[in-house]
Novice: 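Before I ask anything, let me first share the structure, which is written out below as structure tokens.
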Amino acid sequence: MGGLPTDNTSSTLALLGSQKNHGSPINKPGPETKPKKKICCACPDTKKLRDECIVEHGEEACGKWIEAHRKCLRAEGFNV
């Protein structure tokens, strides 16, 4: 008799059994995945074309480049 209580084993087993079904939220794949890059570093090609067009022609004339850049960002996982 080493001084350890022997009558609490069933409550310990019940506690362990109730905890085993709780998964870690890190391991669960979520419906949304976080982007792997910062938004400023994603899609440099479309960003450059968009920015050059806006500087030279104004925002109103560059809708197709703006939308192309948004589409690229969405493909990278950003919500824009």
Side-chain angles (χ1 to χ4, degrees):
M1 293 194 221
L4 296 175
T6 57
D7 58 342
N8 288 337
T9 55
S10 62
S11 62
T12 303
L13 292 175
L15 178 62
L16 291 174
S18 68
Q19 289 179 349
K20 73 178 182 179
N21 291 333
H22 296 294
S24 173
I26 296 172
N27 294 337
K28 292 182 181 180
E32 297 180 25
T33 57
K34 286 190 174 183
K36 295 178 183 177
K37 303 176 186 177
K38 293 181 181 181
I39 196 166
C40 62
C41 301
C43 305
D45 296 334
T46 57
K47 181 179 179 180
K48 182 179 178 183
L49 290 171
R50 178 204 64 181
D51 292 349
E52 288 176 359
C53 182
I54 291 172
V55 168
E56 292 178 17
H57 305 290
E59 188 175 339
E60 296 79 23
C62 301
K64 72 176 187 174
W65 297 116
I66 293 169
E67 190 54 39
H69 186 57
R70 286 181 181 164
K71 184 177 179 181
C72 180
L73 291 173
R74 287 184 199 113
E76 291 285 334
F78 293 98
N79 187 18
V80 291

Novice: What's the spacing between His69 NE2 and Arg74 CZ if we round to 0.5 Å?
Specialist: 10.5 Å

Novice: List, by chain and then residue number, the residues other than Phe78 in its hydrophobic cluster (Ile/Leu/Val/Met/Phe/Trp/Tyr, side-chain heavy atoms under 4.5 Å); write none if there are no others.
Specialist: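 ILVMFWY cluster around Phe78 also holds Ile39, Leu73, Val80.
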
Novice: Enumerate donor-acceptor pairs with a distance under 3.5 Å from any side-chain N or O in residues 49-63 to protein atoms, sequence neighbours excluded.
Specialist:
none

Novice: Supply the atom-to-atom distance Ile66 CD1 to Lys71 NZ, rounded to the nearest 0.5 angstrom.
Specialist: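 One gets 16.0 Å once the value is rounded to the nearest 0.5 Å.
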
Novice: With a 3.5 Å distance limit and no angle check, can you tell me whether Lys47 reaches the backbone of Ala42 through a side-chain donor-acceptor pair?
Specialist: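 Such a contact is absent between Lys47 side chain and Ala42 backbone.
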
